[in-house]
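Chain A is the first sequence line, chain B the second, and so forth, proteins listed ahead of strands; every chain is numbered from 1.
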Number of protein chains: 2
Amino acid sequence: MGQRTTLKDVAREAGVHTSTASRALNDLTRSVVNADTVARVLEAADRLGYAPHPLARGLRTNQTMTAGIVIPDVENPLFGPIIAGVESALGEDGYSLLIANTERHHPDPDSVIRTLVERRVDGLILATATRDDALLELLMSRDIPIVLVNRTTERVDLPAILGDDYAGIGLAVEHLEALGHVAIGHVAGPQSLSTGRERHDAFMAWMNKLGLVADGSNVEEADWFQVDPGYVAARKLMQRRPDLTAIVAANDLLALGTYKAIRDMGQRVGDDISVTGYNDMPLVDLMEPGLTSVRVPYREMGAEAARRLLLNMRSSSPEVTEVRLTPKLAIRGSTGLVAT
Amino acid sequence: MGQRTTLKDVAREAGVHTSTASRALNDLTRSVVNADTVARVLEAADRLGYAPHPLARGLRTNQTMTAGIVIPDVENPLFGPIIAGVESALGEDGYSLLIANTERHHPDPDSVIRTLVERRVDGLILATATRDDALLELLMSRDIPIVLVNRTTERVDLPAILGDDYAGIGLAVEHLEALGHVAIGHVAGPQSLSTGRERHDAFMAWMNKLGLVADGSNVEEADWFQVDPGYVAARKLMQRRPDLTAIVAANDLLALGTYKAIRDMGQRVGDDISVTGYNDMPLVDLMEPGLTSVRVPYREMGAEAARRLLLNMRSSSPEVTEVRLTPKLAIRGSTGLVAT
DNA sequence: GAGTGTACTACAATCGATTGCAGTCGCTGA
DNA sequence: TCAGCGACTGCAATCGATTGTAGTACACTC
């Protein structure tokens, strides 16, 4: 139809004032309206196909029923499940999701977040946090509910929904130790991100805990969480430590870069050197060999971030909580018994 | 800061009426305001950190400066580049992007689209079209600009930004023919989607054009664009036609399912049977062997859909155009000379 | 019968911007 | 000197919902 139906149309049709119609249509105020009047208004609204104008409502209530999510690289398959979880959980409560993609090469990534703030989103979910993130501090003064997802920050205290990296790396290291590996290396992620740093620290802690040698020579940091930096880091690591029989990579892309490095050095993944990854991205199970990877329930992570945000938007003094989701290890062909 | 700055504050600070301040701040009306007054208003706005309230503005102008994008499965890595392209192009024009994910198992996928319409998005980009899509017809009566992306529909005439499936399948079939293959099969996608249907039709057309046999026995439709349905369809195909030396799959997941089927039948991908895929998803290059795949510029597809939507939002009589993006073939180890 | 309390509804202000229209001032030409 | 026109600015209505407040009617009690 051409013209949209407004509350005035509904009120006229039901024979009441717009304020009565508004009260009849809203759950929280319906009880002060006579039941017969309520029935007439609801029937008129349904017949006319009425939907409230979100801008008019939002201007008055100071709520947009939208949340924003900021993703560092929406092309990275890691974020699809997180977005799906967030969108689904928010949708259940009647919220819509504005998405913004910063990307590493964005000229002014902070402007992306500011745009969402100016859009008056009711809350923000940020997947972009770095460990020393100045923008988060600035956002804190804005009094807008924020939840971090996947990574956290050390700059300020904010609610964060994360994977349990300590447990996840533990699964990988223990799995390799159970296969007889003692010379285990780590291709670490960038230490400016909490995911890079925590997986590195977890690796060191688990190696020490299991009585295995971790003196720093068995760790090499990749510049970024991508295949090529993983390849470069893995080569350096294996050149420095040719004795290593297993490598724990801080994510799947680094692991696949490690595959390439192993092959370039004339060895076989899984047979000569075992490799584990992290995230259990789509298709890593179809690699040759399938990648043993720490699986984080990312969709659930997204949903939990949304639920936390919804709680914090309703609360006048939101809790700063940190939730860590329990990972599992998907064991595949890239890990095998230590060669003798 | 606590309270937000409004136009009243800026007007007071600059010593003018709010209407003058509004005109001074807006590009289209600035020219009717005296230059000295403009300078004072701009300076006040900057000093007070003023940003217009989008709801107030939108209520009056009947524009939200938002567009909606509806994705059938945001966890599918295919859609990340499309979203990235859309978000980037819209952002350049000051638009924000609301994202909704329908998912195949959503109880009421149409409600997701209706919610965006009720949100008064200025336009919609739909990646969800099926060939016979009743909701699109309903949406047409709403007078909201729509652009289809990745898939099109036969139900109504709508602008669509697509891959050139005819050219893409042609690249694959010609490549295989050049390698000496004559017995080529097709693992088709679901025919209810334009991508499934068009790639199937393109395959038949190219086989006929090259004088190769395509009698229907060399085609098997997968129920969905996933690995397992691809596996099932590939097995059926190879059981029915054991002579096939090459298979053109309608997307990468079907291709990877075909890999599994080939291996289960004791043969080697690339050596015994060549396989091509479509989309060139992340990680298919790292498969063993790397998948030869038709690469569609999905990020550019998203950006073009956004540009088309922006044009149509500005136009009172938008063109129904169909743009097809030229694919390329990424040649890898999954295709080789026909075995003799 | 009068007074009081409660249920129900209407009135009007409000949110914060945009914009049609009108008033004022200064300049120019007859 | 006066009228007309253009530049500039202010006034007030408007977008469409929500909500504080007030008015009215009816029932109950003394």
Any A:N34 side-chain nitrogen or oxygen under 4.0 Å from OP1 or OP2 of C:dC8: yes
Length of the CG-C1' vector between B:D36 and D:dA7, whole Å: 14 Å
Atom-pair distance (CG on A:L25; P on D:dT18), nearest Å: 8 Å
Any A:H53 side-chain nitrogen or oxygen under 4.0 Å from OP1 or OP2 of D:dC15: no
For atom NZ of B:K8 and atom C1' of D:dA12, their distance in whole Å: 13 Å
Separation of D:dT21 C1' from A:H17 NE2 (nearest whole Å): 13 Å
Atom CG of B:N34 with >12 non-hydrogen neighbours under 6.0 angstrom: yes
Side chain of B:S19 (C-beta onward), nearest among C:dT19, C:dA17, D:dG16: C:dT19
More than 12 heavy atoms from other groups under 6.0 Å of CG on A:D93: yes
Residue whose nearest DNA chain D nucleotide is more 5′ - A:A51 or B:A21: B:A21
B:N26 CG to C:dA17 C1', straight-line distance once rounded to whole Å: 9 Å
Donor-acceptor contact present, side-chain B:R324 to main-chain B:G163, <3.5 Å: yes
Residue-phosphate contact under 4.0 Å: B:T20 side-chain N/O, D:dG10 OP1/OP2: yes
Whole-Å distance separating the CE atom of B:M65 from the P atom of C:dG16: 21 Å
N or O in side chain of B:S22 less than 4.0 angstrom from C:dT18 OP1/OP2: yes
Side-chain donor/acceptor contact of A:R60 with base of C:dT14 under 3.5 Å: yes
Donor/acceptor link under 3.5 angstrom from A:T37 side chain onto base of C:dC8: no
Pair A:E300 + A:R307, salt bridge at N-O below 4.0 Å: yes
More than 12 heavy atoms from other groups under 6.0 Å of CG on A:N62: no
Which nucleotide in D:dG16, D:dT9, C:dC11 has an atom nearest any side-chain atom of B:V33: D:dT9
Atom-pair distance (CZ on A:R23; P on D:dG16), nearest Å: 20 Å
Distance below 4.0 Å between A:Y50 side-chain N/O and D:dA17 OP1 or OP2: yes
A:L59 side chain, from C-beta outward: closest of C:dG16, C:dG20, C:dC11: C:dG16
Distance in angstrom units between A:R120 CZ and C:dG16 P, rounded: 8 Å
